[in-house]
Amino acid sequence: MTSNSTAKTLVKTFLRTPHSLKTKFQAKQLLAQFLKTQPYSPSSTSILISVYSNFNLLHPSLFLFNSLNSPPLLAWKSIIKCYANSGHFLNSLTCFVQMRSFGIYPDPNMFPFVLKACVFLKNLRLGESIHGCIIRLGLDFDLFTGNALLNMYAKFQSLQPNGGHKVFAFNVFDGMPKSDELCGTSAQEKGASIIQLDRMTKVLEMMPKRDVVSWNTVIAGNAQNGMYEEALRMVREMGNANMKPDSFTLSSVLPIFAEYVDVIKGKEIHGYAIRHWFDSNCYIASSLIDMYANCARIEDSCGVFNLLSKRDDISWNSIIAACVQNGVFDEGLKLFRQMLTAEVKPRDVTFSSIMPACTYLTTLHLGKQLHGYIIRGGFNDNMFIASSLVDMYAKCGNIKAARWIFNQMEHHDMVSWTAIIMGYALHGHAHDALLLFKQMEMDGVKPNYVSYIAVFTACSHAGLPEEAWRYFNSMSRNHGIKPGLEHYAAMADLLGRAGKLEEAYEFIGSMHIAPTGSIWSTLLSACRVHKNLELAEKVANEIFKVDPENVGAYVLMSNMYAAARRWKDAAKMRIFMKKKGIRKEPACSWIEVKNRVHTFISGDKSHPLYDRIFEALKDLLEQIEREGYIPDTNEDFHDVDEEQKKYMIFSHSERLALAFGIISTPAGTTIRITKNIRVCVDCHTAIKLISKVVQREIIVRDNSRFHHFKDGKCSCRDYW
DNA sequence: ATAGGGTTAG
């Protein structure tokens, strides 16, 4: 009895001042006392529910709520809030509807939670009807309710079929490409697509009072839906209303300058962030990292990351993505390992960001390890990750695995289609590539700029100029894609390889964009393959006009002159290079053995096993000579004798890597080699024969495509 | 009640 009355007094005191409870523990203790005080009144029960819901303690709140026959407003409000804050959005909305059926009128404080639930459940219609309810109750002038409405319309904009896509941004300012040109959207579609943002703006205009949150919400709403100029205009308007941008504002604005590749403006924001002590904020830092990365300022990205005292998963993801996107693959992989060491769990974004590093470095073993991690983490069904895996397996030489992953995918988007098409293209399977392209079109997936590059690549490696012309002529007609630099480059390359040198020359001359040195270069190498020195000289002159430092062109011309025994001209090229201080990038090949990458430069004797590699090469040479191999030393140095020439050729980097691979792996193992430049004719012949005498599959990826050598033949059928 | 990071490119 005494303890009961003590409990009553205690509970009474606390219920008069519910805010004096500071911890969840205290709140739970109070429940124990409260339960002793039966019978308890609905009003004190409601107060207690509100205490629990403030601590987000769902179960005690529900326990008390269920004991009420007709819960008063405070009880409904608390339970709706508690459900929403614990992620039970459907329950939250059900409660709201039940409350209305009890004839209880909502108060303004509950709308933010109800509206949030509508956003999470992606239920626009319910949100709209709640908006109507808000207006009928005259509660649309409430600041918090207004802010929640702003947020709802901003979020529903991004859920529109075409909403939230960056191309819409470009309509609102001058001098940028119109979205029609970029993706063929009609004006009507565009008009319909910003409906929710219009509603958001209307709500803003109706609000009698706006705070920083209101502005931040509409700024983010515009920025995330590509309405960049409108977002920036609102930042200015916010300033005019005497409100200072805070960390939320900045993290919405920074991605805009990242998209604009405007490092000057981005740096201004960085300065503002530093002056206001925002630079250690994780949100700002990750936006800064991304902004600098987009502006090719990876050092600045790293600077921001290194100064960050607390790093969350997104900071790590940002810096890893920044490195990989800027081609600093080793650093990206290093940071990925550091992230794991720091016990930060990788997320879906981490994997799709890091995978291209394995792809570009052709480190199949790392890619496989990541794939294992992805499977264990249950990330398989993520489209971004699956596409990056398709690309990784294809470019690391395993096209079958790439196709398997592609087939496993439930849905295919344009990127995944393009990845597999490009995979087949690089392996020389033009038929499969073009078939897949047709299937993609039949699936109703629109190809884009990149998809056509893949198509031309396929035609190029299979020698199908007529097919390529058909696609080239139809891409703008069928899909509204204007040929760009990469398409011209691919076409020029393709015509050149097919020996249609004059046609290629005219094609490049007729481009509606100024041809670059690299486009001419593809034709120049075609001239060398097809031994047309006359045209080569013309092409080389074009290259030197636009790109006087083009190393490849000097080397190529020098070699062609040497092959034609025009020693003086060859020497002239080398003197030019010397004068300009241009150095030839060394040819280099690498191979993975037992999870280590071994790199070989042409003529390299530095490998610890060099002696054994040399012995193996000599042995292999004898074996393939018995198979009829005759070294082709035509284009190499002219001032050395034949025996030396033979030696120089067999010191080519791919042969060193190959010999090393043969002596350090068990018989029959497939050998995968990557080379930074194209494999030379002589090595190609030699590797074909080596594949026969050692009875192994040898896969060489050069900078152009894959060569699968087996039983003395190559998958490229000597066309590359 | 408001914020940051991702896949395809001869």
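Everything numeric here is computed off the predicted structure, so don't read it as measured data.
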Taking the side chain of A220(A) as its heavy atoms from C-beta onward, which of dA3(B), dG6(B), dA1(B) lies nearest to it?
dA3(B)
pair F96(A)-I130(A): side-chain heavy atoms closer than 4.5 Å
yes
Measure from the side-chain heavy atoms of N147(A) and tell me the nearest of dG4(B), dA9(B), dA1(B).
dA1(B)
Nearest-neighbour nucleotide for the I385(A) side chain, dG10(B), dT2(B), dG6(B) considered
dG6(B)
From the candidates dG10(B), dT2(B), dG6(B), the one with an atom nearest any side-chain atom of S353(A) is dG6(B)
D142(A) has an atom CG; how far is it from atom C1' of dA1(B), in whole Å?
10 Å
Where the side chain of T522(A) is concerned, which of dA1(B), dG6(B), dG10(B) is the nearest nucleotide?
dG10(B)
Categorize S460(A) for me: base, sugar-phosphate, or nothing, with a 4.0 angstrom heavy-atom threshold over every strand shown.
nothing
Check whether any side-chain N or O of Q224(A) sits under 4.0 Å from OP1 or OP2 of dT2(B), and answer yes or no.
no
Compute the ring centroids of Y260(A) and Y228(A), then answer whether they are less than 6.0 Å apart.
yes
Counting only side-chain N and O atoms of K155(A), is one of them less than 4.0 Å from OP1 or OP2 of dA3(B)?
yes
Could you tell me how far apart M409(A) (CE) and dT7(B) (P) are, to the nearest whole angstrom?
14 Å
Could you tell me whether N382(A) contacts a base, only the sugar-phosphate backbone, or nothing, with contacts defined as non-hydrogen atoms closer than 4.0 Å?
base
Could you tell me the separation between the CG atom of N448(A) and the P atom of dT8(B), rounded to a whole number of Å?
12 Å
Across the strands shown, which category fits S318(A) at heavy-atom distances under 4.0 angstrom: base, sugar-phosphate, nothing?
sugar-phosphate
Give D493(A) one of three labels, base, sugar-phosphate or nothing, depending on what nucleic acid heavy atoms sit under 4.0 Å from its own.
base
Which part of the nucleic acid, if any, lies within reach of R347(A) when heavy atoms closer than 4.0 Å are counted: base, sugar-phosphate only, or nothing?
base
From the list dT7(B), dA9(B), dG4(B), which nucleotide is the closest neighbour of the side chain of D312(A)?
dG4(B)
Is there aromatic stacking of F384(A) on dT7(B) here, judged by a ring-centre distance under 5.5 Å and a plane angle under 30°?
no
Could you grab the distance from atom OG1 of T674(A) to atom CZ of F706(A), nearest 0.5 Å is fine?
7.0 Å
Do the side chain of N281(A) and the base of dG4(B) come within less than 3.5 angstrom through a donor-acceptor pair of N or O atoms?
no
F278(A) CZ to dA3(B) P, in whole Å, measures 16 Å
Closest to the side chain of V415(A), out of dT7(B), dG10(B), dG4(B), is dT7(B)
Assess the side chains of N676(A) and N703(A): does a donor N or O sit below 3.5 Å from an acceptor N or O?
no
Can you check the N151(A) CG to dT2(B) P distance for me, whole Å?
5 Å
Assert yes or no for the condition that the ring centre distance of F437(A) to Y471(A) is strictly below 6.0 Å.
yes
At under 4.0 Å, does any side-chain N or O of Y360(A) touch on OP1 or OP2 of dA9(B)?
yes
Note: E205(A)-K202(A) ion pair, threshold 4.0 Å (strictly below):
no
Checking contacts here: which listed nucleotide (dG4(B), dT8(B), dG10(B)) is nearest the side-chain heavy atoms of M414(A)?
dT8(B)
The side chain of F113(A) is closest to which nucleotide in this list: dG10(B), dA1(B), dA9(B)?
dA1(B)
Should the ring pair F507(A) and Y488(A) be called parallel, tilted or perpendicular, given that the plane angle runs from 0 to 90° and is split at 30 and 60?
tilted
Quick one: label A148(A) by what it contacts on the DNA or RNA (base, sugar-phosphate, nothing), any heavy atom closer than 4.0 Å.
nothing
Please give, in whole Å, the distance from dT2(B) C1' to M234(A) CE?
14 Å
Contact class for S247(A) (heavy atom, under 4.0 Å): base, sugar-phosphate, or nothing?
base
Whole angstroms only, please: what is the CD1-C1' distance between I80(A) and dA1(B)?
16 Å
Take atom CG of L370(A) and atom C1' of dG6(B), then tell me their distance rounded to the nearest Å.
14 Å
Check: S388(A) side chain, dT7(B) base, donor-acceptor under 3.5 Å
no
Please confirm whether any donor atom in the side chain of S352(A) sits under 3.5 Å from an acceptor in the base of dG6(B), or the reverse.
yes
Closest listed nucleotide, where the reference is the side chain of T418(A) and the choices are dT8(B), dT2(B), dG4(B)
dT8(B)
